[in-house]
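Hydrogens, waters and symmetry mates play no part in the numbers below; they use all other heavy atoms, side chains included. Protein chains get the first letters and strands the later ones, always in sequence-line order, with residue 1 at the start of each. All values reported here derive from a predicted model rather than from experimental measurement.
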Amino acid sequence: NTIQVNLTPMLPLKLIQEDRELVIRRLQVKNFDARVIIDQITALDQSRRQLQHQTDEKLAEMNALSRQIGDHIKAGNNAEALRLKDATASLKEQIKELQKKSAEAESALDARIIELPNLPHESVPPGKGHEDNVVVRSGGKMPVRQPGWLPHWDLGKHYDILDFDLGNKLTGAGFPVFKGQGARLERALINFFLDEGEKAGYLEILPPIMVNEDSGFGTGQLPDKEGQMYVVPVDRFYLIPTAEVPVTNIYRDTILNDSDFPLKNMAYTPCFRREAGSYGKEVRGLNRVHQFDKVEIVQIAHPDHSYQALEEMVNHVESLVHKLELPYRIVKLCGGDMSFTSALTYDFEVYAAAQDKWLEVSSVSNFEAFQANRLKLRFREAGNKKNRLAHTLNGSALALPRIVAALMENNQTPDGILIPEALKPYTGFEKIVRR
RNA sequence: GGAGAGAUGGCCGAGUGGUCUAAGGCGCACGCCUGGAGAGCGUGUAAUCGCCAAAAGUGAUUCGCGGGUUCGAAUCCCGCUCUCUCCGCCA
C-alpha cells in the first residue's frame with residue numbers, strides 16, 4: 001500500500017536549488033530538521049539528471065538508427081538494413097539498463113521530496129504546540145455562567161436531541177445521533193452557512209464523500225495522514241476527512257486562465273476522521289467525533305493575491321460566529337501546531353461556557369503552491385510563457401459539532417435552549433424544549 | 001452481474017507497422033483587408049523533463065493507464081480503468 005506518485009513534485013526542488021538555507025531555516029519554524037533530507041534530495045537530483053541525460057542521448061541514437069533502417073528498407077537496401085539492425089541490440093540493452101536506473105533515481109527522489117512539509121509563511125511564530133499560538137483578535141460577549149449549568153452532553157440527554165449511546169449501538173463511539181430539534185438544528189446550521197457563503201460569492205458544490213488515492217495525494221492527506229482516514233478496501237476509496245479534498249481536487253490537472261481568479265467554491269459534506277490516538281476529557285461529547293457535518297470554503301487564487309484571499313476568508317468566518325452570537329477568538333497557529341501542508345493558518349475558537357473551554361471550530365489556511373504542485377494546478381498568465389502554480393486556500397465555515405456544543409451550553413435557560421436570532425428562520429423554532 | 005462497441009490535441013475527427021515531425025475542420029491569438037465590424041486571406045496554436053549562465057536552440061517523453069512484441073507502435077498482443085449500447089437486478 002505505497003503511494004504512487006505520478007509526476008515529480010518539482011516545487012520544493014526548485015526552492016532547494018535556489019536557496020537551500022532558506023528552506024532549512026523556514027522548516028525549523030515547524031520544528032522540522034531538513035538538513036539530512038535536503039542533502040539526500042540534492043544528491044538524488046544530481047544523479048537523476050545525469051541518468052536522464054545519458055538515457056536521452058541513447059534514445060536519440062536509437063531513434064536515428066531506426067529511421068535509417070526504415071529508409072534502407074524502403075530503398076531496397078536490405079543488406080545495409082540488416083547490418084544496422086545488429087548494431088541496435090547492444091544499444092537496446094544499454095537503454096533498458098539506463099531507464100531502469102533512471103526510474104529508480106526518480107522514485108527515490110520523489111519519495112524524499114514528498115516527506116518535506118510546506119514552508120511556513122514568514123509571519124508564522126515559532127513554537128511547540130497549542131500553547132504557543134498567538135491570539136490575533138477576539139469578539140462576542142462572554143456568557144455569565146450560572147450555577148447548575150450543564151455541559152452539552154447532559155443537555156443533549158435532557159432534551160433528547162443528542163444521543164451518543166444510540167450512535168454507539170448503530171456504529172460505535174464518536175458517531176452521535178441527532179434527534180428532533182437537534183437534527184433540525186444541524187440542518188438549520190448547514191443551510192445558514194451555505195446561504196451566507198453564497199452571499200459571499202461562493203459557488204455551492206455537492207461532491208462525492210469518498211475519494212480515490214490520487215485525490216488524497218493531491219491535497220496532501222496522503223501519505224501524511226493515511227492513518228486518520230477511513231478506507232473502503234475493496235475499491236480503494238477513502239472517506240473524506242473534509243470537503244477540502246474533493247472540492248480542491250476538482251482543479252487537479254488543470255490549467256486556468258488568470259482571469260478565472262479568484263475561484264470560490266464551497267461544499268457541505270459529512271466528514272469522517274478516525275482520530276486515532278485521541279482520548280480522555282478532550283473527546284467528550286461533541287468535542288471530538290468520528291463523523292460530523294461541515295461547510296467548507298475553498299479558494300483558488302493568484303499567487304500575488306492569496307494572502308488577501310486568506311484575509312477575506314477569515315473575515316467571512318468571523319461574520320458567521322458573530323451572527324451566531326458566540327464569543328470567539330482568532331489565533332494564528334505557531335509553527336509546531338500547523339499542519340504538514342499549510343503555509344499560514346488561523347484557527348477560530350468559540351467559548352463553551354459549561355465546560356469553560358475554548359473549542360476549535362474553524363481552521364482557515366493558505367497552502368500557497370504546496371497543494372497546487374501536487375495537484376498540477378497551474379494557470380496561464382498573459383505575457384508569461386511558463387505556466388505558474390496557483391495558490392489554494394480553504395477554511396471551515398463552519399464545522400458543526402462544537403458550534404452546536406457552544407450554542408447549547410451558552411444559551412441554556414430554565415425554560416430551554418435559546419436559538420440565536422440569525423438562526424431562527426432556519427430552525428423554525430425559538431428554543432429547544434423538552435418533548 | 002452478462003454480452004458487445006469504444007477511448008487520438010482546447011473541441012470534433014482522420015489515421016490498421018516507417019511518409020505520424022498526428023490529416024482536415026472548429027475554436028483561440030496575431031497580422032492583412034475595412035470608415036468600423038463581419039466575411040475572406042495569411043501566420044501561429046500542447047504539456048512535462050533534460051542539455052545550455054540565459055534567451056534562442058536542441059534532445060527525450062506523452063494518442064485512456066500499465067506491461068509486451070519489433071530495429072521501429074496511435075496502429076499488433078496481454079492486463080487494467082473508464083465511457084457508450086443491449087440484457088439482468090435495483091432506490
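Remark: A60(B) base-pairs with U48(B); criterion is Watson-Crick or G-U wobble with both hydrogen-bond distances under 3.5 Å. Across all strands shown, G6(B) forms a Watson-Crick or G-U wobble pair, both distances under 3.5 Å, with C82(B). Judged by Watson-Crick or G-U wobble contacts below 3.5 Å, the nucleotide G17(B) has no partner. Pairing for A23(B) is absent, judged as Watson-Crick or G-U wobble with the two contacts each under 3.5 Å. Figure legend. G31(B) is base-paired to C41(B); pairs are counted as Watson-Crick or G-U wobble with both atom distances under 3.5 Å.
Nearer to the 5' terminus of RNA chain B, by closest-nucleotide assignment, is the contact made by I255(A) (compared with the other of T55(A) and I255(A)).
To the nearest whole angstrom, the two C1' atoms, one in G35(B) and one in C20(B), are 47 Å apart. With both ends at atom P, the span from C33(B) to C26(B) equals 23 Å, rounded to whole Å. To the nearest whole angstrom, the two P atoms, one in C41(B) and one in G50(B), are 43 Å apart. U45(B) sits 14 Å from C11(B) when the C1' atoms are compared, rounded to a whole Å. Taking atom C1' in both C77(B) and G88(B), the straight-line distance is 32 Å, to the nearest Å. With both ends at atom P, the span from A60(B) to G72(B) equals 15 Å, rounded to whole Å. Taking the P atoms as reference points, A3(B) lies 38 Å from U61(B), given to the whole Å. One P atom belongs to A14(B), the other to G64(B), and the distance between them is 14 Å to the nearest Å.
Rounded to whole angstrom, the span from the CG atom of D86(A) across to the C1' atom of G72(B) amounts to 15 Å. Following rounding to the nearest Å, L59(A) (CG) and U58(B) (P) show an atom-to-atom distance of 19 Å. Rounded to whole Å, atom P of U70(B) lies 18 Å from atom CG of L84(A). Across the protein-nucleic acid pair, L82(A) atom CG and U70(B) atom C1' stand 14 Å apart, rounded to whole Å. The separation between L13(A) atom CG and U48(B) atom P is 15 Å, rounded to whole Å. Rounded to whole Å, the distance from CG on N78(A) to C1' on G18(B) is 14 Å. Atom CD in Q54(A) sits roughly 13 Å away from atom C1' in C51(B) (whole-Å rounding). Summarising the geometry, the separation between CG on D56(A) and C1' on G57(B) is reported as 16 Å, rounded to the nearest angstrom.
Ring-plane geometry between Y230(A) and F272(A) is classed as perpendicular, the angle between the planes exceeding 60 degrees on a 0 to 90 degree scale with a lower cut at 30. A perpendicular orientation is assigned to the rings of F379(A) and F261(A), their planes being inclined by more than 60° (bins at 30° and 60°). Taking the six-membered ring for Trp and thresholds of 30 and 60 degrees, Y202(A) and H316(A) have ring planes inclined between 30 and 60 degrees apart.
Between the side chains of K225(A) and S339(A), no donor-acceptor pair of N or O atoms lies under 3.5 Å. For the residue pair R252(A) and N249(A), a side-chain donor N or O sits within less than 3.5 Å of a side-chain acceptor on the partner. In the model, T219(A) has no side-chain atom that pairs as donor or acceptor with a side-chain atom of E244(A) under 3.5 Å. In summary, the side chains of D39(A) and T42(A) do not present any donor paired with an acceptor at a separation below 3.5 Å, with no hydrogens or angles considered. Judged purely by distance below 3.5 Å, without hydrogens or angles, the side chains of S102(A) and T55(A) pair a donor atom with an acceptor atom.
Contacts between residues 87-101 of chain A and RNA chain B, defined by a heavy-atom separation below 4.0 Å, involve T88(A), K92(A), listed by number. In the region residues 60-74 of chain A, proximity to RNA chain B at under 4.0 angstrom, judged on heavy atoms, holds for A60(A), M62(A), N63(A), S66(A), I69(A), G70(A), I73(A), K74(A).
Tested against R26(A), the residues L22(A), I24(A), V23(A) include a single side chain to side chain contact (heavy atoms under 4.5 Å, CB included) partner, L22(A). Partner of L320(A) under the side chain to side chain contact (heavy atoms under 4.5 Å, CB included) criterion, out of V361(A), L398(A), V295(A): L398(A) alone.
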Polar-atom pairs under 3.5 Å, protein N or O versus N or O of nucleotides 80-82 of chain B: list them with distances, or write none.
none

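Put simply, R380(A) has no side-chain N or O that comes within less than 4.0 Å of OP1 or OP2 on A46(B). Contact between the side-chain N/O atoms of R378(A) and the OP1/OP2 oxygens of U48(B) is found at a separation under 4.0 Å.
Around the CD atom of E430(A), the shell of radius 6.0 Å holds no more than 12 heavy atoms that belong to other residues, nucleotides or ligands.
A donor-acceptor pair is defined here as one N or O able to donate and one able to accept, closer than 3.5 Å; no such pair exists between the side chain of D253(A) and the backbone of K376(A). Of the possible polar contacts, none joining the N118(A) side chain to the F340(A) backbone as a donor-acceptor pair under 3.5 Å is found.
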